[in-house]
Amino acid sequence: MAGGGGRPLRALNVAEKPSVAKAVSGILARNPSSGGLRVREGRSRYNKIFEFNYAIQNQQFHMAFTSVTGHLMEVEFEDRYRKWHSCDPVDLYHAPVKKHVPHDKSDIEKTLEEEARKSQWLILWLDCDREGENIAFEVVEVCTRANRNLNIWRARFSALIDREIHYAAQHLIRPNQLFADAVDVRQEIDLRIGASFTRFQTMLLRDAFVLDFTTDDKNVILSYGPCQFWEIQSHEPEEFWTINCTHNSEEGTATFNWMRGHLFDYTCATILYEMCVQEPTATVTNVRQQEKPKYPPHPLSTIELEKRASRYFRMSSEQTMKVAEDLYQAGFISYPRTETDCFSERTDLHRIVQDQQAHPIWGSYAQRLLDPESGLWRNPSGGGHDDKAHPPIHPTKFSSGESGWSQDHHKVYELVVRHFLACVSQPAIGAETTVEIDIAGEQFSASGRVIIAKNYLDVYRFETWGGSVIPTYTYGQQFTPTTLTLDSGVTRPPPLLSEADLLSCMDKAGIGTDATMHDHIKKLLDRFYATKDSSMRFSPTKLGEALVMGYDDMGYELWKPYLRAAMESDMKAVSMGTKSKAEVLEACLQQMKACFLDARLNKGKLFEAMAVFFERSNRSNGNEPYAIGDVLRRCGLCQESDMVLRRKPDGNFMVGCLGYPQCRNVVWLPGSVSEAAVTSNICSTCSPGPVYMIQFKFRRLEIPPNYNVDHLGCIGGCDNTLRQLVEICGTGSRNNSNMPGRGQGHTQSSSSAQSNSRSQGAWHTAHSSSSYTSQSSRGRSAQTQDAAGEDGESSIPCASCGAPCNLRTANTPANRGRKFYSCQAQGCNFFIWEDNANSGGTVPRGSTSRSASTSSRRGGRGRSNQSRGRANDVAFVSATGEPISGRCFVCGDPSHFANACPNRGR
DNA sequence: GCAAGGTC
């Protein structure tokens with residue numbers, strides 16, 4: 001490797017961040033021949049340079065150790081494509097991109113160049129993951145530009161502890177180009193997709209709707225990123241019915257659950273329930289007893305750490321990672337960004353336990369673990385994930401708490417230690433009894449549990465395993481239930497996810513990396529796509545729901561995670577060398593471009609979906625371009641940009657220059673156009689070509705009878721039909737009545753320099769367009785606005801528990817856009833459609849089973865089937881099994897029960 | 001002004 005003793009060589013070492021440079025330098029300089037650790041300033045005030053002497057494989061080195069701050073470079077479009085209106089967004093799928101050092105990193109770049117010139121070796125101490133490898137190559141690029149003769153090495157380490165760092169320094173390897181390639185692919189795809197869709201949907205929707213969640217909607221960006229979109233889910237509250245049964249005896253109470261779970265069909269549930277009520281005797285059909293283990297968790301990965309900290313401490317994933325990072329940098333825990341959930345055989349697990357023996361609280365557990373007599377030890381079972389870079393998160397240094405630690409530091413360290421001790425422990429053992437009964441042919445089951453051995457639960461205080469005792473039953477035994485109730489509820493909408501749920505979903509779907517998931521969650525909140533309530537639960541906003549609904553309605557599931565997940569697996573293939581970078585890029589971009597074009601063709605769906613949630617704006621003042629459409633021809637005025645077909649927020653069409661606002665070239669179209677689409681037909685007369693023709697559809701009642709509703713037209717000046725219809729109907733321009741030069745220009749420009757050119761045209765807008773443009777399309781958005789009140793938020797008190805119920809919007813085929821209130825309190829299922837609430841029908845539907853049985857006492861069961869959905873009055877059988885008289889639920893006839901109803905099943 | 005990924 002190096003050429004023996006001799007004169008020291010100079011090595012430039014680079015870490016991913018300043019703190020790692022400092023920590024690694026500190027470790028390597030801790031030897032008698034280091035000459036001490038010196039620090040000097042670099043060009044960047046954050047990234048110091050540490051210096052010391054160190055021997056690698058007996059070769060003396062003068063080490064200079066500095067850092068970058070994450071990625072040194074970023075990928076960006078070339079200047080020509082940077083401005084939002086400089087090109088059609090679809091061009092962004094093939095526009096040239098470049099990787100460059102952004103301005104705010106140029107001082108770091110300078111330091112690297114200066115140090116590289118003085119060095120013979122470059123040692124890369126970037127994090128050992130794909131991103132780290134990519135950053136390593138960014139550093140290599142900058143350094144080799146300054147010194148082409150560098151000998152380039154990579155140090156592989158995963159914990160900032162002495163033995164690992166020294167091992168890494170003595171066992172340098174070469175950087176892995178394939179890992180870096182995979183990241184290049186990801187960066188380019190993310191940029192192209194993100195920028196194209198963000199520009200497209202922002203320009204399409206921002207000015208067309210009143211976005212009531214912000215006061216500054218000029219600057220609103222409706223960004224599109226694969227990691228932002230997938231999380232918002234549609235939901236469908238659905239009413240269900242279930243039969244519950246309890247039995248009290250001297251030994252206690254058993255709660256039996258219906259083995260059908262729940263039914264969504266009310267009639268069906270009622271029939272079955274009434275059969276039970278008529279013959280309520282329960283017969284024990286099965287009694288099972290068995291020992292069951294409860295296994296300790298797998299070794300700790302990043303996602304598990306985030307989920308568990310959220311669940312146990314209500315700590316946000318962002319905060320958890322911040323604290324874990326601190327603990328890692330101080331050497332107390334291993335690298336906290338890891339996918340690995342199994343320990344390698346080389347890891348000395350006993351030693352890690354030994355370190356913890358002195359702890360005042362869990363030290364005695366650690367001692368028991370190490371005592372072979374206890375039988376408590378168990379080699380941990382892995383979860384099958386291994387990123388080959390880092391071990392699972394585990395304690396690397398003992399601490400009983402440091403003076404500088406916050407509460408959160410204590411909590412996270414405790415979690416890491418207890419989790420580690422738990423996963424090398426035996427599972428807990430419980431004895432479970434399951435009793436199954438039969439009532440009138442329906443099966444119910446109840447179970448109880450006694451814990452025999454707690455084992456790992458002794459140290460893992462965060463998990464519990466409830467013991468519950470149920471009375472003893474014997475096979476064939478008969479009894480009368482104490483209660484037998486028909487209870488209703490509504491399925492909970494899935495969007496109310498906790499942060500832990502969200503992280504699970506993201507993990508499963510392969511969204512983001514372990515290090516960035518919490519950032520995506522934050523971005524969702526920042527972009528107004530989702531909100532987080534006080535109980536740490538997430539729900540989508542109107543905007544989030546509208547966008548998902550719009551893309552959903554287009555028919556393909558653009559926002560679904562599989563796209564991203566597929567890309568992840570392609571990236572893996574690149575990093576393994578089984579697919580090439582170019583091959584994956586080409587295939588993925590082609591696919592996404594097709595998706596984009598399809599989405600743009602179907603942009604009406606996006607519009608419609610937004611209209612469900614937001615009021616249309618009246619801001620068509622011409623200061624901003626409208627929805628970007630398809631290109632018709634090159635602009636003859638500025639000669640730089642394309643003229644595109646656009647639909648204004650008021651529904652009218654126009655043709656405008658993409659160079660707006662610098663170029664104000666515009667062609668107004670008749671106000672009577674209901675549909676317009678650019679075709680691939682090229683006009684044979686107009687020049688300079690090509691000028692693509694537009695397929696128009698006019699509103700029958702707004703054009704004279706002798707004109708066709710369908711018309712293939714040209715805006716190049718040759719089309720007399722179009723010219724006449726503009727004269728007859730006026731244009732969709734709002735400025736018809738006051739626009740300077742109106743009535744003169746076919747092609748108009750309001751730039752003063754161009755005002756003379758207006759006289760060329762012959763079309764004029766003889767009529768005010770106001771009588772032709774419809775302003776009545778408020779539709780459901782208007783109702784939404786009214787219902788939601790001025791601030792867009794509305795709530796009513798929950799009729800069941802009194803907590804405020806937020807107004808939400810259904811997104812199901814049957815009830816899309818319909819508003820409902822649902823109680824956010826945990827365990828409360830109160831639900832009511834907003835239109836029912838407003839019409840006075842505020843009887844709660846779907847309450848808890850307790851209130852169901854209470855109200856049933858009051859209401860009896862004499863309700864007709866029509867009342868379903870309004871109340872949960874259900875039949876009740878008393879503790880003595882006394883039958884209660886009533887009437888058929890299906891037809892209302894008091895002479896029979898539903899199970900004998902002649903209308904049953906119709 | 002846009003992505004996600006590093007990090008300050």
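Letters A, B, ... mirror the listed sequences (proteins, then strands); counts begin at 1. This is a predicted model, so every value here is computed, not measured.
Stacking between A:Y46 and B:dC8 is present: the aromatic ring centre lies within less than 5.5 angstrom of the base six-membered ring centre, and the two planes differ by under 30 degrees.
Rounded to an integer number of Å, the gap from CG of A:L205 to C1' of B:dC2 is 15 Å. Taking atom CG of A:D190 as the reference point, atom P of B:dA3 lies 10 Å away to the nearest angstrom. When the C1' atom of B:dG5 is taken as reference, atom CE of A:M321 falls 14 Å away, rounded to whole Å. In this structure, CD of A:E74 is placed 16 Å from P of B:dT7, rounded to the nearest angstrom. A:R192 places its CZ atom 16 Å from the P atom of B:dA4, with the value rounded to the nearest Å. Rounding to whole angstrom units, CD1 of residue A:I108 and P of B:dG6 are separated by 17 Å. Atom CG in A:L126 sits roughly 12 Å away from atom C1' in B:dT7 (whole-Å rounding). Rounded to a whole Å, the CZ atom of A:R130 is 12 Å from the C1' atom of B:dG5.
Checking B:dG1, B:dC8, B:dA4 against every side-chain atom of A:I221, the shortest atom distance belongs to B:dG1. Residue A:T202 places its side chain closer to B:dG1 than to any other of B:dG1, B:dA3, B:dG5. Of the candidates B:dT7, B:dG5, B:dC2, the closest approach to any side-chain atom of A:R186 belongs to B:dG5. With B:dA3, B:dT7, B:dG5 as the choices, the nucleotide that has an atom nearest any side-chain atom of A:H71 turns out to be B:dG5.
Across all strands, A:D127 comes closer than 4.0 Å only to sugar-phosphate atoms, never to a base (heavy-atom distances). Among the protein residues, A:Q187 comes within range of the nucleic acid bases, having at least one heavy atom under 4.0 Å from a base atom. Base contact: A:E76 has a heavy atom under 4.0 Å from a base atom. Within 4.0 Å of A:K105, counting heavy atoms only, lies at least one base atom of the nucleic acid.
Side-chain atoms of A:Q201 and base atoms of B:dC2 include no donor and acceptor less than 3.5 Å apart.
Only one option out of A:Y93, A:W84, A:F596 pairs with A:F200 in a ring pair (Phe, Tyr, Trp, His ring centres under 6.0 Å); it is A:F596.
Between A:P18 and A:V75, the residue whose closest nucleotide on DNA chain B is further toward the 5' end is A:V75. Residue-to-nucleotide proximity on DNA chain B shows that, of A:I135 and A:F77, the 5′-proximal contact is made by A:F77.
The aromatic rings of A:W405 and A:H409 sit parallel to each other, their planes meeting at less than 30°, with 60° as the upper class boundary. Ring geometry, A:W125 versus A:F65: the interplanar angle falls from 30° to 60°, so the pair is classed tilted.
Remark: A:R174 pairs with no residue by the salt bridge (Lys or Arg N to Asp or Glu O under 4.0 Å) rule, at least two apart or across chains. The salt bridge (Lys or Arg N to Asp or Glu O under 4.0 Å) search around A:K322 returns none, not counting sequence neighbours.
Between A:R337 and B:dT7 there is a side-chain N or O to OP1 or OP2 distance below 4.0 Å.
A salt bridge links A:R186 to A:E131: one of the charged nitrogens lies within less than 4.0 Å of a carboxylate oxygen.
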